[in-house]
Amino acid sequence: MSEHIEWSEPEAAPAPVAAAVTPADAADAARLVAFGLQPKLQPARDQEYGDLLRRYREDPAFARLADAVATGLGLVVLEVSPRAGMAVTAAEDSVFAVRMGDYARRTSADSVDRFLHGLAHLAVAAMAFPRPEDLADDGYIGRVSVNGVDSFVRQACRRLEERAEEQGENTDPATDAPGLEAAWRIWARRSSTGATKDARRLAGSTTGIVGKAVGFLTDSGFLQRTGDDNGGTYRTTARYQLQVRDMAGSAAMAELLDLGIVPVTDGTASLLPPDDTDDLELVADAGLPFHS
């Protein structure tokens, strides 16, 4: 007679109890977000920043806490890495959001200039990352110049005019029209540099508008100035690459791509379209670093 043995499921091990979040943890998470809001600060040059980045990458609970702090401030975390630090961008409802209208009003009371400043930023993004693989490559560094961006936009103006003439469209729309096509035509009518007694470029000239744009991007940690040639030369940072990736699918960029103009990336002002542009399209995942 064999003995009947009843089998039972082993008792489940008690779930691990998550460590309580302390005020010190919250302070560290907020400190990391604060570092992320200082785009010119390099993690490699600040030990506390580097330590907090390491903790974020190695401690999932701390990472979730830092992400929650950023979300509460209306920020979107683009990347946390040694190369970019804690790269954040502002959501539309964030107190940190920069709006195109506010940006333009700092420079000019003329509402038409709002479109020109937006176009300048659009052109900088297109010239900085001219191919999809450039935008996808973390090691890629784009290079632009003030004169090169101005030349790029003027080339776009000429292409738009040719297209309009071929299609028999009105080539002289109202100057206060909100479309980019109108903005490009207004750009073409503007002086490239203007004239002052001391040979400075005028703020309302097209190179003055581009200079304002790249100056803003430099102050924001998106570009680094590398020289004075061609009105000022600049190189991109990891943060700018992330920003352009995030601002994907804008109608303005799509319209720019449709023109078939391929910008150079060495900062020069020579912009001649090649014979075959099938494999040299501008990147489609780019746009303005502003909210409308």
Side-chain angles (χ1 to χ4, degrees), residues 39 78 87 89-90 92 96-108 110-130 134-135 142-157 178-188 190 192 201 203-225 230-237 239-257 259 261 263 265 267 269 271 282-292:
L78 301 177
T89 189
E92 187 172 356
F96 299 103
V98 177
R99 302 186 183 279
M100 192 66 222
D102 297 336
Y103 169 83
R105 279 193 292 273
R106 298 176 195 172
T107 309
S108 172
D110 186 351
S111 60
V112 173
D113 280 5
R114 174 173 181 257
F115 303 111
L116 301 186
H117 284 280
L119 180 53
H121 279 275
L122 188 68
V124 171
M127 290 194 71
F129 304 103
D134 299 334
L135 194 62
R143 300 183 187 277
V144 299
S145 75
V146 170
N147 292 348
V149 172
D150 183 43
S151 179
F152 174 37
V153 179
R154 291 185 181 276
Q155 177 79 0
C157 292
L180 267 181
E181 190 160 322
W184 279 327
R185 287 162 176 168
I186 296 169
W187 190 290
R190 285 286 178 96
S192 180
R201 64 190 177 209
S205 67
T206 54
T207 54
I209 289 172
V210 175
K212 175 71 176 179
V214 295
F216 170 82
L217 293 172
T218 301
D219 291 341
S220 302
F222 295 135
L223 297 177
Q224 293 176 347
R225 189 179 178 98
N230 294 312
T233 55
Y234 300 82
R235 67 193 292 268
T236 61
T237 65
R239 281 176 173 261
Y240 189 48
Q241 187 179 50
L242 293 170
Q243 181 77 25
V244 175
R245 285 178 186 169
D246 184 63
M247 306 300 290
S250 74
M253 178 59 73
E255 187 172 354
L256 181 59
L257 301 184
L259 296 178
I261 299 172
T265 58
L271 290 167
L282 298 179
V283 61
D285 299 334
L288 302 178
F290 299 101
H291 296 288
S292 59

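From a predicted model like this one, the values you see are computed outputs, not experimental measurements.
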J.: Do you see a donor-acceptor pair shorter than 3.5 Å between the side chains of Asp150 and Thr207?
T.: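 The answer is no; no qualifying pair exists.
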J.: Out of curiosity, Leu119 CG to Phe152 CZ, how far, rounded to the nearest 0.5 Å?
T.: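 Rounded to the nearest 0.5 Å, the CG-CZ separation comes out at 9.0 Å.
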J.: Hey, what do you get for CZ (Arg154) to CZ (Arg190), rounding to the nearest 0.5 Å?
T.: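 CZ of Arg190 is found 10.0 Å from CZ of Arg154.
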J.: Minimum heavy-atom separation for Ala87 to Leu242, with atom names?
T.: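 Looks like CB-CD1, 3.6 Å.
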J.: Under the 3.5 angstrom rule, does the side chain of Thr218 hit a backbone N or O of Val214 as a donor-acceptor pair?
T.: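 Flag set: sc Thr218 to bb Val214 pair under 3.5 Å.
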J.: Could you tell me whether the side chain of Arg143 reaches within less than 4.5 Å of the side chain of Thr233, counting heavy atoms only?
T.: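 No, side chains not in contact.
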J.: Determine the minimum heavy-atom distance between Ala213 and Ala120, stating which atoms define it.
T.: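 Between these two residues, the closest heavy atoms are CB-CB, 4.1 Å.
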J.: On a heavy-atom basis, which atom in Pro39 and which in Gly221 lie closest, and how many Å separate them?
T.: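 For Pro39 and Gly221, the tightest heavy-atom pair comes out as CB-CA, 3.8 Å.
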J.: Which heavy atom in Ser192 sits nearest to a heavy atom in Thr206, and how many Å separate them?
T.: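 That closest heavy-atom pairing would be CA-OG1, 3.2 Å.
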J.: Looking at CZ of Arg239 and CG of Leu217, how far apart are the two atoms once the value is rounded to the nearest 0.5 Å?
T.: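 One gets 13.5 Å once the value is rounded to the nearest 0.5 Å.
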J.: Is there a donor-acceptor pair under 3.5 Å between the side chain of Gln241 and the backbone N or O of Gly142?
T.: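 No; judged by distance alone, with no hydrogens or angles, the pair does not exist.
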J.: Please identify each residue that fulfils side chain to side chain contact (heavy atoms under 4.5 Å, CB included) with Thr236, with sequence neighbours left out.
T.: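 Counting only residues at least two positions away or on another chain, Thr236 forms a side chain to side chain contact (heavy atoms under 4.5 Å, CB included) with Ala128, Phe129, Ile141, Leu223, Tyr240.
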J.: Write out all pairs satisfying salt bridge (Lys or Arg N to Asp or Glu O under 4.0 Å) with one or both partners inside residues 213-224, taking only residues at least two apart or from two chains.
T.: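 Only Lys40-Asp219 qualify under salt bridge (Lys or Arg N to Asp or Glu O under 4.0 Å).
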J.: Taking all atoms of both residues into account, what is the closest heavy-atom pair of Val244 and Ala125, and its distance?
T.: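 Closest pair (atom of Val244, atom of Ala125, distance): CG2-CB, 4.2 Å.
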J.: Once rounded to the nearest 0.5 Å, what's the spacing between atom NE2 of His117 and atom CZ of Phe216?
T.: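 So the NE2 of His117 and the CZ of Phe216 are separated by 12.0 Å.
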J.: Which pair of heavy atoms, one from Val149 and one from Ala123, lies closest together, and at what distance?
T.: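 In this case the closest contact between Val149 and Ala123 is CG1-CB, 3.7 Å.
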